[in-house]
2 protein chains.
Amino acid sequence: MPTDASVPPRVRASDELRQAALEQFATVGFAASSLQQIADHAGYSKSSVLYHYASKEALLEAAIGPSIDRLESLLGDFVAGGRSAAAQAVFIERFVDFLLGNRLAVHTFVNQGQSLRGLPVIERANTAIRGLADSICADDASLAEQMRFGVALAGATYTLVAGATFLDDDEQQFADADVRDALISVLSELLLTADGRPTR
Amino acid sequence: MPTDASVPPRVRASDELRQAALEQFATVGFAASSLQQIADHAGYSKSSVLYHYASKEALLEAAIGPSIDRLESLLGDFVAGGRSAAAQAVFIERFVDFLLGNRLAVHTFVNQGQSLRGLPVIERANTAIRGLADSICADDASLAEQMRFGVALAGATYTLVAGATFLDDDEQQFADADVRDALISVLSELLLTADGRPTR
DNA sequence: ACGGTAATTGACCGATCGGTCAGCTCCTGC
DNA sequence: GCAGGAGCTGACCGATCGGTCAATTACCGT
């Protein structure tokens, strides 16, 4: 009789495994993550992992694919929406929210996008990142201009995503909302070129 | 009789192996680099690798240790030299030169500093990077201020070091000198706070 | 009560991993 | 001429890798 009172709390094994795999991939890397470790971490056997996911590569696809979808969607909206200062500001906000909401996945395909070349899902991620850089950076921009974009995107991503490694432990406890605001302000400062700042 | 006319051109096997290992570690990652691959890439056998270097970890130490030494030295000079705007400008220049001259090693210990935790040489690198962030960033800085530093350092590092993955192939051919100038100007813009810019 | 399917597991496979060891070829000092 | 060390290598070791497979369990509609 209860529509869904007893069913919803149960977590699906495939979801638990996918989450455990994502954490392993992000923290120790795809190559160094064994199916055995992932299974142990999730409380299943290695065979169960391979029952739910056809291969280690399929597990990576399931772990980071959705985040790449969101990035592609974000990128598509931006390309379609023009490059006015207002549109860029909106994009920066959405991009920071994307980073905050997909830290582990972004960490995985940004940090390992080079070493894992050849895997289809990684190629998709690299293509999206490349498109991101191309679309936000005018083709005729000077080298300094391009460098500014590169530093902003890479810096924001790396700071958020790998900050756990290098920042003070104190800073770890900053609320995401504060980090979000600070990051948006720094990115705006770097990326909004419509405010009359010349090449340099 | 010739003092060193015939000897110097010969390259030492240990150097060839160290260089091949560095390239493998930077491009496919430490975990995914096998001693066999490194040996093949350098034109030796796996046994030869283990003759010159006691272990895979010792090979990593030999490959990136010297670069970490230089980073520590750079950091020590900066700490001892005060934090005037002029000193910061000099530091930025030296830091960019360090990045340009140690791309592969920096790529290795920045990108894998988290996943390879526990290896002594990696701990040393992480400590140096942490010291870099602490020393260039005032303790009482606002979150936005700290974020600016984080974005600058991480962005500069990642842009230079992993840029090959995401930047246009066209940009690959920019001369190092041009990249150096552009990067120094962007970093100066972000890091030099003595020019009267307030927190935001 | 029963047939079927989804879920889970341990046993097992070939390949490859980092590392050890004995032996081989040189070159050099005596 | 020869002892000896440096450089280099193939054979080999136990461990672990990703992946296959058959068997077991639990739950389902009929």
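Each chain gets a letter, A, B and so on, in the order the sequences are listed, and its residues count up from 1. Just the heavy atoms: all of them, side chains too, but no hydrogens, waters or symmetry mates, feed the values below.
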When pairs are called at under 3.5 Å and a stem needs at least three consecutive Watson-Crick or G-U pairs, the stems of DNA chain C are C:4-30 with D:1-27
Is the distance from OP1 or OP2 of D:dC8 to the nearest side-chain N or O of B:S48 less than 4.0 Å?
-> no
When rounded to whole Å, the CG to C1' distance for the pair B:D40 and D:dG10 reads 14 Å
Please output the side-chain donor-acceptor pairs of residues 56-64 of chain B that fall under 3.5 Å, not counting sequence neighbours, one pair per line with the distance.
residue : atom : partner : partner atom : Å
B:K56   : NZ   : B:F30   : O            : 2.9
B:K56   : NZ   : B:S33   : O            : 2.8

Next on the checklist: With a 3.5 Å distance limit and no angle check, can you tell me whether B:Y53 reaches the backbone of B:S14 through a side-chain donor-acceptor pair?
Outcome noted: yes
Original post:
A:E72 versus A:R124: any side-chain heavy-atom pair under 4.5 Å?
Top reply: yes
Item to complete: Find out whether B:S185 and B:D181 are in side-chain contact, i.e. whether some heavy atom of one side chain is under 4.5 Å from a heavy atom of the other.
Response: no
When rounded to the nearest 0.5 Å, the distance separating CZ of A:F25 from CD of A:Q112 is 9.0 Å
| request: Give a yes/no answer on whether the side chain of A:H52 brings an N or O atom under 4.0 Å of OP1 or OP2 in C:dA6. | output: no
Interatomic distance, CG@A:L74 vs CZ@A:R94, rounded to 0.5 Å, equals 5.0 Å
Item to check | Shared hydrophobic cluster for A:V49 and A:L104 (ILVMFWY, side-chain gaps under 4.5 Å) | outcome: yes
- Item | Any A:Y51 side-chain N or O less than 4.0 Å from OP1/OP2 of C:dA7 | yes
Per-nt protein contacts along nucleotides 11-25 of chain D (heavy atom under 4.0 Å; B base, S backbone sugar-phosphate only, - none) come out as B-----SBBB-----
Checking B:Q19 against B:D15: is there a side-chain donor and acceptor pair closer than 3.5 Å? no
